[in-house]
Amino acid sequence: MADDGRGTDTRVDEHGRIVKKPVMASKDLRFFDFPDAERLPDGYPRRGMSVVAALSEWLIHTNRRRNGAWTQRYEHGVPVTDLTPLQADGTCGTLVRFLPVKSLGPQGLPTAHDLTRWTAHWPCLEVRLHDQRDGGVD
């Protein structure tokens, strides 16, 4: 998943270390345990990226902001690397790559019908699937 937004909030602490909002490894309190929280168009509650990270064998979060860029790897929702600085490329946004745990459901690619149904509520959303399991079929 990728976007060209402002990127995840990242700052430099008083010791010169890069710190970020822990979006991949903590509950997003705006949505958890709050009965009036806005629901997704399919009726399910919002749960934040920490759920995606927790339900993934691995997840790599890459963040680009005007003040720098970094990446961090998670396994089963737990950070396994520190923030690793990246070369700036003049872009902003977030890229999240992940491998869901095998027990989450059927293996195989979603159908065109599945993608259409899942994205129907977001008309400005573009979905591209890049399957890298057998040599990178688009």
Side-chain angles (χ1 to χ4, degrees):
M1 298 181 293
D3 68 42
D4 59 358
R6 61 186 166 94
T8 306
D9 187 17
T10 310
R11 300 176 186 190
V12 177
D13 71 9
E14 66 274 6
H15 304 290
R17 294 179 304 215
I18 300 170
V19 294
K20 68 163 177 56
K21 181 177 160 184
V23 295
M24 298 295 168
S26 65
K27 291 181 181 180
D28 187 330
L29 298 179
R30 297 173 297 169
F31 308 123
F32 273 82
D33 302 324
F34 184 65
D36 296 328
E38 178 184 344
R39 293 198 169 254
L40 295 169
D42 61 8
Y44 287 101
R46 296 179 71 171
R47 291 296 188 226
M49 285 305 298
S50 60
V51 173
V52 174
L55 296 176
S56 296
E57 297 284 337
W58 55 263
L59 179 143
I60 299 171
H61 181 200
T62 301
N63 185 51
R64 296 188 177 277
R65 289 178 67 92
R66 283 182 278 170
N67 65 342
W70 53 263
T71 190
Q72 187 169 30
R73 182 181 174 96
Y74 298 78
E75 293 179 4
H76 301 283
V78 177
V80 295
T81 67
D82 291 330
L83 292 174
T84 303
L86 297 174
Q87 185 71 25
D89 67 1
T91 64
C92 290
T94 304
L95 170 66
V96 177
R97 296 179 301 154
F98 61 96
L99 177 65
V101 294
K102 293 185 187 309
S103 62
L104 283 180
Q107 298 299 304
L109 296 173
T111 66
H113 174 74
D114 292 334
L115 292 174
T116 301
R117 184 172 47 88
W118 295 338
T119 60
H121 298 286
W122 295 286
C124 295
L125 178 68
E126 176 184 342
V127 176
R128 286 183 271 162
L129 183 63
H130 183 75
D131 182 1
Q132 296 180 322
R133 290 177 289 187
D134 293 320
V137 177
D138 280 332

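Keep in mind it's a predicted model, so treat the numbers as computed, not measured. Along the sequence shown, residues carry numbers from 1.
- Between the side chain of Thr81 and the main chain of Gln72, no donor-acceptor pair closer than 3.5 Å is present.
- In this structure, Leu95 is not a member of the same hydrophobic cluster as Leu86, with clusters built from ILVMFWY side-chain heavy atoms closer than 4.5 Å.
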Item to complete: Begin from the C-alpha positions of Leu59 and Val96 and carry the test side-chain contact (heavy atoms from CB on, under 4.5 Å) through to its verdict.
Response: CA-CA 7 Å; Leu59 179 143; Val96 177; 3.7 Å; yes
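- In this structure, the separation between CZ on Arg64 and SG on Cys92 is 9.5 Å, given to the nearest 0.5 Å.
- Partners of Arg66 according to the salt bridge (charged side-chain N to carboxylate O under 4.0 Å, His left out) rule, which considers only residues two or more places apart in sequence or in another chain, do not exist here.
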Inset, instruction - Could you give me the CA-CA distance, side-chain angles and deciding distance for His76 and Val101, then say whether side-chain contact (heavy atoms from CB on, under 4.5 Å) is met? - result: CA-CA 9 Å; His76 301 283; Val101 294; 4.0 Å; yes
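- Distance check, rounded to the nearest 0.5 Å: CZ of Arg73 to CG of Leu83 gives 15.0 Å.
- Judged by distance alone, with hydrogens and angles left aside, the side-chain atoms of Asp4 form no donor-acceptor pair with the main-chain N or O of Gly93 at under 3.5 Å.
- When the side chains of ILVMFWY residues are joined at heavy-atom separations under 4.5 Å, either directly or via intervening members, Phe98 and Tyr74 end up in a single hydrophobic cluster.
- For CD of Glu14, the number of neighbouring non-hydrogen atoms (other residues, nucleotides, ligands) closer than 6.0 Å is greater than 12.
- With values rounded to the nearest 0.5 angstrom, Leu99 atom CG is found 11.0 Å from Glu75 atom CD.
- Trp70 and His61 have their aromatic ring centers within a separation under 6.0 angstrom.
- Taking a 6.0 Å sphere around CG of Asp82, one finds it holds 12 or fewer heavy atoms contributed by other residues, nucleotides or ligands.
- Within a 6.0 Å radius of CG in Asp13, other residues, nucleotides and ligands contribute more than 12 heavy atoms.
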